[in-house]
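Read through the structure below, which is laid out as structure tokens, and then see the notes.
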Number of protein chains: 2
Amino acid sequence: MSENPPAPVPERPRRGRGRPPATDRRRQIEDAALEEFAEHGFRNSSLAAVAQRVGLSQQGLLHHFPNKEALLVAVLARRDAVDTADFGGLRDIDRLTGLAERNTERPGVVRLHALLTAEAVTDDHPAGPFFRARYEELRTRVAEAVRESEHEEAPAPQPTPEETAALLVAAMDGLQLQWLHDPEAVDMPALLGLLTRVLYAHRGGAEQG
Amino acid sequence: MSENPPAPVPERPRRGRGRPPATDRRRQIEDAALEEFAEHGFRNSSLAAVAQRVGLSQQGLLHHFPNKEALLVAVLARRDAVDTADFGGLRDIDRLTGLAERNTERPGVVRLHALLTAEAVTDDHPAGPFFRARYEELRTRVAEAVRESEHEEAPAPQPTPEETAALLVAAMDGLQLQWLHDPEAVDMPALLGLLTRVLYAHRGGAEQG
DNA sequence: CATTTTTCCGAGTGCTCAGTAGGTAAATTG
DNA sequence: CAATTTACCTACTGAGCACTCGGAAAAATG
């Protein structure tokens with residue numbers, strides 16, 4: 001079911017003598033592309049704009065990536081790797097709140113995520129499978145984390161781990177949208193923490209705020 | 001603070017004798033535009049594509065709307081009017097669940113909302129102010145609804161109406177994204193209903209399912 | 001220095017797009 | 001029927017886009 005995104009290019013080896021490939025450039029370009037895509041979306045970003053950010057011509061950029069789609073895939077793959085690392089073991093469900101907190105400081109990544117998630121819903125978008133798989137995996141992992149943290153008390157009509165996971169993930173994305181539109185209006189980490197506690201901790205009335 | 005979107009064209013009056021303006025066409029075009037924008041987003045939709053849906057040439061369409069942006073504003077204004085009506089008095093907070101249920105049957109509108117909400121985050125997007133105002137109003141109204149439904153019992157560490165509102169709205173949008181990516185994966189109305197109950201009804205253990 | 005490989009660019013192609021200009025046909029009124 | 005106003009189209013402009021082609025400079029090896 002869950003088709004993973006392709007590996008992020010397995011370090012192409014030196015082939016003969018000539019000039020060595022500049023691996024830095026690829027990363028520079030990916031970083032620039034992330035910023036650009038985050039600001040204008042994928043379809044509405046131009047290769048030329050990305051190229052300009054790294055002091056390249058559009059054609060110079062196309063030397064490193066065969067086409068625009070390949071660039072997007074590379075960006076997503078790298079972003080996913082970083083986020084997975086950020087996510088860590090996720091033994092504790094409260095890590096989600098920590099992630100929200102960190103995201104507060106990098107609107108670019110948040111924007112990229114929000115924009116592409118929505119954009120990728122349309123037909124035949126190159127990032128479509130990526131995000132479908134990502135959501136599936138996220139729900140699964142969060143559900144697992146919930147299950148592991150579940151040893152607490154659970155006396156009342158309790159949502160299942162799967163339901164909890166779907167709702168937490170949803171709240172995360174939804175809060176990001178509100179926050180992007182008006183950073184002052186919502187406190188992402190606080191709200192997510194609150195939701196986490198309320199959702200699966202019908203504890204008898206302790207631990208508030 | 002809350003700047004409302006401009007009124008949806010105040011029914012331009014007959015001016016002299018000539019041919020009467022075809023108000024039907026405007027609505028036809030708006031409907032077509034909604035579908036088109038919902039599928040491809042605003043910036044990535046073409047006027048020609050919208051025009052084709054109603055059997056017009058691109059220029060024929062531009063006779064009715066001075067430019068693309070005006071068309072978007074018209075679509076949003078109409079959509080907002082309809083949604084506000086749907087939303088009704090919202091005396092009961094459970095109406096939100098009902099709205100989620102209805103949305104299940106009109107992916108087009110959901111797509112438009114999700115796509116434009118994200119797209120409008122970018123700089124100088126014509127729909128930016130619209131969505132910022134909309135979120136603000138939504139949070140306020142939902143918070144009010146929560147407050148009115150609050151008479152129940154509330155013994156435990158309870159989220160405030162404002163927090164509840166922000167989280168409900170967030171979950172709604174986040175669930176929509178997940179649902180758009182994989183309709184089988186999440187049950188929007190069920191999850192939203194569950195969240196509603198959990199969020200402000202730490203009732204002693206009654207009323208489940 | 002000759003060779004090879006990588007890096008990058010100038011020029012160009014073919015496409016799509018929003019918006020303009022100018023004109024014709026249709027519907028309504030007097 | 002004449003005047004008027006709307007509806008709509010053909011033709012066009014100018015811009016931006018992804019992507020190709022062919023070549024030149026740079027950096028390494030021998």
Side-chain angles (χ1 to χ4, degrees), chain A residues 9 11-30 32-33 36-37 39-75 119 122-127, chain B residues 9-33 36-37 39-75 119 122-127:
Chain A
V9 179
E11 288 294 327
R12 47 180 170 168
R14 287 284 288 106
R15 238 184 291 190
R17 32 186 168 181
R19 181 175 174 173
T23 45
D24 305 347
R25 265 287 192 251
R26 280 188 67 99
R27 299 214 164 150
Q28 280 180 38
I29 295 172
E30 286 167 12
E36 189 66 23
F37 293 167
E39 269 187 43
H40 307 297
F42 172 66
R43 295 218 154 109
N44 207 56
S45 288
S46 70
L47 288 178
V50 176
Q52 204 180 13
R53 281 180 189 256
V54 289
L56 273 181
S57 74
Q58 184 201 121
Q59 299 80 351
L61 189 154
L62 279 172
H63 168 71
H64 296 274
F65 297 88
N67 53 44
K68 200 183 172 187
E69 187 176 323
L71 178 56
L72 173 64
V73 170
V75 169
E119 186 180 334
T122 62
D123 323 303
D124 294 338
H125 194 286
Chain B
V9 180
E11 287 294 326
R12 48 180 170 168
R14 286 284 288 110
R15 239 186 289 190
R17 31 187 169 182
R19 179 174 176 174
T23 46
D24 305 348
R25 266 285 193 249
R26 281 188 65 98
R27 299 217 163 148
Q28 282 179 37
I29 294 173
E30 286 167 12
D31 289 342
E36 190 66 22
F37 293 167
E39 270 188 40
H40 307 297
F42 172 65
R43 294 218 154 109
N44 207 55
S45 287
S46 70
L47 289 177
V50 176
Q52 203 180 13
R53 282 180 188 256
V54 288
L56 272 182
S57 74
Q58 181 202 123
Q59 299 78 354
L61 187 155
L62 279 172
H63 169 72
H64 296 274
F65 296 88
N67 53 44
K68 200 182 172 186
E69 188 175 322
L71 177 56
L72 174 63
V73 171
V75 169
E119 186 180 335
T122 62
D123 324 303
D124 296 338
H125 194 285

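Just so we're on the same page: letters track the sequence lines, and every chain starts at 1. This structure is a prediction, so every number in the text was calculated from the model and none was measured. We use all heavy atoms of the structure for the numbers below, so side chains are in, but hydrogens, waters and symmetry mates are not.
For the residue pair A:Gln28 and A:Val54, the shortest heavy atom distance occurs at O-CG1, 3.6 Å. Between B:Leu61 and B:Val50 the shortest heavy-atom distance is CD1-CG1, 3.6 Å.
Remark: A:Ser46 is in phosphate contact with D:dC17, judged by side-chain N or O atoms under 4.0 Å from OP1 or OP2. Taking 4.0 angstrom as the limit, B:His64 places none of its side-chain polar atoms (N or O) nearer than this to OP1 or OP2 of D:dT6. Contact between the side-chain N/O atoms of B:His63 and the OP1/OP2 oxygens of D:dA7 is found at a separation under 4.0 Å. OP1 or OP2 of D:dC8 lies within a sub-4.0 Å distance of a side-chain N or O belonging to B:Arg25.
The interatomic distance linking B:Gln59 (CD) with C:dT24 (C1') rounds to 15 Å, in whole Å. To the nearest angstrom, P of C:dT16 lies 14 Å from NE2 of B:His40. Atom CG of B:Leu62 is separated from atom P of D:dT6 by 17 Å (rounded to the nearest Å).
Nearest nucleotide to the A:Lys68 side chain, out of D:dC9, C:dT28, D:dA18: D:dA18. For B:Ser57, taking side-chain heavy atoms from C-beta onward, the closest of the listed nucleotides D:dT10, D:dA7, C:dT7 is D:dT10.
In terms of modelled atom types and a separation under 3.5 Å, the side chain of B:Arg26 and the main chain of B:His64 share a donor-acceptor contact.
Applying the 3.5 Å distance criterion, the base of D:dC19 shares a donor-acceptor pair with the side chain of A:Gln58.
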